[in-house]
J.: 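Here it is: the structure, laid out below.
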Amino acid sequence: MGREPGPGAGPPLLIACALGIEHFALRSGDRGGAPGPVTVLRTGMGPERAHRAVSRTLGEERWRDAAVIASGFCAGLAPGMHPGDLIVAEETRAPDGTTLCTGTDLLVKALVKAVPGRAVHTGPLIGSDHVVRGPERAALRAGGAIAVDMESAATLRTARAAGGLGDGPDARPVAAVRVVVDAPEHELVRIGTVRGGISAFRVLRAVLPAFFEWHRSLLLPRR
């Protein structure tokens, strides 16, 4: 799992992902520099599994106050995106509502430093309960979304609901950072196929220092 909270520790960090390959990438990245307790949770695929796993974990006393990052792979919606590009959500969207993300600008700066040379895109990340292809992608793009995945919106919505504080200034910090594995010009044949997979995997392994920098900023006294 990761470093567990101990007595007197600051708020922990929960990183949620769906797939085994995502979990392996995030667990095998550089874990040095974490400012507090951290765990990488594999939720399983789809919004319902993400909801159940995140709700269960945040229901445990030791992870109750955790900041939450949804991470892993996604489908890019904008022309010109490539496998290995990074998506930092400004908000996640789903049929049950929109969740605003915390510290997007800080995450972008940290990712540019952690993964130099990779494009970082910001904007709305939309949730789906199935793999999105062809014309449906174009429709999501027309609605303003820049990327789509199956778990981020449910993860962040569940995390905020568990905090019970909505999207106000004292809400639980949440973020979504995804790595593009397919895009309009590089579409997946099936969910288990990762074109550009080596590139995307390497990028996902490299993001942890940026996550830790984001987490560290949350532990600083607020003015």
J.: Identify the heavy atoms of Trp63 and Pro12 that sit nearest to each other, and give their distance.
T.: CZ3-CB, 3.3 Å
J.: So for atom CZ, which belongs to Arg141, do other residues, nucleotides or ligands contribute more than 12 heavy atoms lying within a distance under 6.0 Å?
T.: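 Result for CZ/Arg141: enclosed.
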J.: Of the non-hydrogen atoms in Leu107 and Ala210, which two are nearest, and what is the gap between them?
T.: CD2-O, 4.0 Å
J.: Just by modelled atom types, is the Thr99 backbone N or O under 3.5 Å from a matching donor or acceptor in the Glu91 side chain?
T.: no
J.: Are the side chains of His82 and Val180 in contact, using a 4.5 Å heavy-atom criterion?
T.: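 Side-chain contact under 4.5 Å: no.
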J.: Do Leu100 and Val54 share a hydrophobic cluster, counting only Ile, Leu, Val, Met, Phe, Trp and Tyr and linking them when any side-chain heavy atoms are less than 4.5 Å apart?
T.: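 No.
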J.: For Leu58 versus Ala159, what's the shortest heavy-atom pair and its separation?
T.: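 Taking Leu58 first and Ala159 second, the nearest heavy atoms are CD1-CA, 3.7 Å.
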J.: Do the non-hydrogen side-chain atoms of Leu13 and Phe212 ever get within less than 4.5 Å of each other?
T.: yes
J.: Answer yes or no: is there an ion pair linking Arg137 with Asp182, defined by an N-O contact shorter than 4.0 Å?
T.: yes
J.: Do Thr98 and Thr92 have side chains that approach each other closer than 4.5 Å (heavy atoms only, starting at C-beta)?
T.: no
J.: Apply salt bridge (charged side-chain N to carboxylate O under 4.0 Å, His left out) to residues Glu213 and Lys113 and explain how you reach the verdict.
T.: CA-CA 11 Å; Glu213 187 168 336; Lys113 183 168 63 176; 3.3 Å; yes
J.: Is a donor on one side and an acceptor on the other found under 3.5 Å between the side chain of Arg172 and the backbone of Ala66?
T.: yes
J.: Rounded to the nearest 0.5 Å, what's the gap from OG on Ser71 to CD1 on Ile15? Could you check?
T.: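 It is 7.0 Å, given to the nearest 0.5 Å.
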J.: Would Asp149 and Ser128 satisfy side-chain contact (heavy atoms from CB on, under 4.5 Å), going step by step from the backbone distance to the final call?
T.: CA-CA 6 Å; Asp149 77 271; Ser128 175; over 6 Å; no
J.: Minimum heavy-atom separation for His215 to Pro35, with atom names?
T.: ND1-CG, 3.6 Å
J.: Can you sort out the partners of Arg52 under salt bridge (charged side-chain N to carboxylate O under 4.0 Å, His left out), two or more places apart, ordered by chain and number?
T.: none
J.: Evaluate the criterion side-chain contact (heavy atoms from CB on, under 4.5 Å) for residue pair Cys17 and Leu26; output intermediate values, then yes/no.
T.: CA-CA 9 Å; Cys17 62; Leu26 290 162; 4.0 Å; yes
J.: Just by distance, do the side chain of Thr104 and the backbone of Ala89 share a donor-acceptor pair under 3.5 Å?
T.: yes
J.: Would you say Ile21 and Leu204 are hydrophobically clustered, going by side-chain heavy atoms of ILVMFWY under 4.5 Å?
T.: yes
J.: Check whether any side-chain heavy atom of His121 sits under 4.5 Å from a side-chain heavy atom of Arg178, and report yes or no.
T.: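 With C-beta onward as the side chain, the pair stays apart.
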J.: Check each of Ile126, Ile87, Leu125 against Ser152 using the side-chain contact (heavy atoms from CB on, under 4.5 Å) test, and report the only one that passes.
T.: Leu125
J.: Out of curiosity, Asp105 CG to Glu90 CD, how far, rounded to the nearest 0.5 Å?
T.: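 If we round to the nearest 0.5 Å, Asp105:CG and Glu90:CD are 8.0 Å apart.
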J.: Under a 4.5 Å cut-off applied to non-hydrogen side-chain atoms, are Val174 and Ile69 in contact?
T.: no
J.: Would you call Val120 and Asp85 a side-chain contact if the rule is heavy atoms closer than 4.5 Å?
T.: no
J.: Walk me through it: do Asp96 and Arg157 pass the test side-chain contact (heavy atoms from CB on, under 4.5 Å)?
T.: CA-CA 9 Å; Asp96 59 351; Arg157 193 79 171 163; 3.9 Å; yes
J.: Do Thr39 and Arg27 have side-chain N/O donor and acceptor atoms under 3.5 Å apart?
T.: no
J.: Run the side-chain contact (heavy atoms from CB on, under 4.5 Å) check on Met150 and Asp129 step by step: do they pass?
T.: CA-CA 6 Å; Met150 296 174 67; Asp129 60 1; 5.5 Å; no
J.: Could you give the distance from CZ (Arg202) to CZ (Arg118), rounded to the nearest 0.5 Å?
T.: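 Arg202 CZ to Arg118 CZ: 9.0 Å, rounded to 0.5 Å.
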J.: Got Thr43 and Thr57 here, is their nearest side-chain heavy-atom distance under 4.5 Å?
T.: no
J.: Strictly below 4.0 Å, N to O, side chains only: are Arg64 and Glu61 in salt-bridge contact?
T.: yes
J.: Hey, are the side chains of Trp214 and Thr102 touching, using non-hydrogen atoms and a 4.5 Å cut-off?
T.: yes
J.: Without swapping roles, check the side chain of His51 against the backbone of Thr158 for a donor-acceptor pair under 3.5 Å.
T.: no
J.: Taking all atoms of both residues into account, what is the closest heavy-atom pair of Gly84 and Val203, and its distance?
T.: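 Scanning both residues completely, I find the closest heavy atoms to be O-CG2, 3.7 Å.
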J.: Considering all heavy atoms of both residues, which atom of Ser28 and which atom of Arg205 are nearest to each other, and what is their separation?
T.: O-NH2, 2.9 Å
J.: Can you tell whether the side chains of Arg42 and Glu22 come within less than 4.0 Å, N to carboxylate O?
T.: no
